[in-house]
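Residues take their numbers from the sequence shown, with the count starting at 1. Ligands are counted one by one from 1 in listed order, and the atoms in each one are counted from 1 as well.
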Amino acid sequence: MENTIIVGTQWGDEGKGKITHYLAKKAGIVARYSGGNNAGHTVVTGGKEYRLHHIPSGIIFPGTLCIMGNGMVVNPDALLTEMDDLGSQGVEFSNLRISDKAHVIMPYHRLLDSSQEKNRGEGRIGTTGRGIGPAYTDKIARKGIRIGDLYDRELLRKKIAYHAGEKAEVLEGTEFTADSMFERLVEIAERLAPMVTDTSLLLHRELKNGRKVLFEGAQGTLLDIDHGTYPYVTSSNSIAGNFSVGLGISPMWVKEITGVSKAYTTRVGTGPFPTELEDGVGKYMLDKGHEYGTTTGRPRRCGWLDLPVLRYAVRVNGLTSIALTKLDVLSGLSSLKIAVAYKLDGKEIKHLPYSSELLDRCIPVYKEFMGWDEEITQANERPGLPPAALEYLEYIEKDLGVPVSIISVGPGETQTIA
Ligand code: IMP
């Protein structure tokens, strides 16, 4: 395999965990470049289901080196819980490395996330409430606490004291004081110490030695802070290009960029979603696709596949292939639709408009397809799919000009056609 970036093409939850795990078999390293424990990646293998939030999906393979890059924000307490949960399922962490430059999500970030979200009222974003936005805000404001700071006690104490003062209002009446936050981090630091390192240096050396790397994106293209449906986005760059910044390596290392897309569309949180279905078909997708957030348990909004969204993802990420997931969920629908364009103020457009307000006014122009009745969860090669499913796939490929190289027909590892 070539060094490959895996990126979400929609609003997250496309099934990146499964695809990363599938491709990780052929890679020596899985490296994640952005986001934090707002992500929820599910991997089903060997009859077990693993839920990952911070940790790259390659960790299930004992020999795979897993890297959490500098572009991530890390909640050390939640990371330990995640490790304990996975550890109880037999996963071990001797191959996990965390960048000393990744930023720490502190208790006040979580408190601020919920108070800011409350203050937004009608304009609420629907954040996961994990403190992601406030942690990235402190990073950009040049006052964040980095993982490496946990090993310089004087600096750590000073930084926490500063934040305890600055964020006194939100901390008031909670169990969190400067001392308690300092002591907890010192305790955690000891457990994380064997994993904390200069991951840019490590990755660079491994790449030079010819080890193959999967760069694992979190969230999705339309949740990107610059290129997503702003302001209904996360606070980091989730598109493929950020792998270089978020890991401290050259963009020259990558040859393939695989975009993961569901065979339909989902979104959690608020914000525009032109092909959303608030009818029986949407409910069918919700139920059959078990469309509930891995991180928050919230039901996801469901709708038809949206080609203006995917064309955009092809363009801003430079996709070389597509992994189409959950095709099996569409079995049993008598007909299917794909949005091929939008009508905006009476004019037909094929590309996403710049703002969420404009996208909210877009009315999808649909092309209708025949559905298929057969369950396809056991299909193991493309020609074995019903003709209507093949027609659906071929239309997508032709429109996007990118091959669908992986088709997922169920959560299990073997339910994959490649
Ligand atoms: P935040 O990242 O918690 O600030 O949430 C901002 C927006 O991104 C909200 O709409 C969340 O629901 C959404 N979001 C963040 N992470 C994920 C994810 O991994 N999957 C799907 N949506 C996400």
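Between Glu291 and Lys262, at least one side-chain nitrogen of the basic residue sits less than 4.0 Å from a carboxylate oxygen of the acidic one, meeting the salt-bridge criterion. A salt bridge links Glu397 with Arg382: at least one charged nitrogen is closer than 4.0 Å to a carboxylate oxygen.
What you find for His290 and Lys326 is that their closest heavy atoms are O-NZ, 4.5 Å.
At the shortest separation from atom 18 (C) of ligand 1 among protein heavy atoms lies Asn38 O, 3.8 Å. From the protein, the heavy atom lying nearest to atom 3 (O) of ligand 1 is Thr128 OG1, 2.6 Å. In this structure, atom 12 (O) of ligand 1 lies nearest to the protein heavy atom Arg298 NH2, 3.0 Å. Scanning all protein heavy atoms for the shortest distance to atom 5 (O) of ligand 1 gives Thr127 CA, 3.4 Å. For atom 9 (C) of ligand 1, the closest non-hydrogen atom of the protein is Gly126 O, 3.1 Å. For atom 6 (C) of ligand 1, the closest non-hydrogen atom on the protein side is Val233 O, 3.3 Å.
Counting heavy-atom neighbours within 6.0 Å of Lys25 NZ, excluding the residue itself, gives a total above 12. Within a 6.0 Å radius of CZ in Phe61, other residues, nucleotides and ligands contribute more than 12 heavy atoms. More than 12 non-hydrogen atoms from other residues, nucleotides or ligands lie less than 6.0 angstrom from NZ of Lys143.
Seen from the ring of Phe369, Lys367 counts as a face-on cation partner, given the 6.0 Å and 45° thresholds.
Each of the following atoms of ligand 1 lies closer than 4.0 Å to a heavy atom of Thr234: 1 (P), 2 (O), 6 (C). Within ligand 1, the atoms closer than 4.0 Å to a non-hydrogen atom of Trp11 are 21 (C), 22 (N), numbered from 1 in the order shown. Every atom of ligand 1 is numbered from 1 in the order shown, and the set under 4.0 Å from a heavy atom of Asp13 is 20 (N), 21 (C). Counting atoms of ligand 1 from 1 in the listed order, those under 4.0 Å from a heavy atom of Val268 are 10 (O), 12 (O), 21 (C), 22 (N).
Side-chain atoms of Gln219 never come within 3.5 Å of backbone atoms of Ser238 as a donor-acceptor pair (strictly under, hydrogens ignored).
Counting heavy atoms under 4.0 Å from ligand 1, residue Leu223 touches it through the side chain alone.
Proximity of Gln219 to ligand 1 is established by a heavy-atom distance of less than 4.0 Å.
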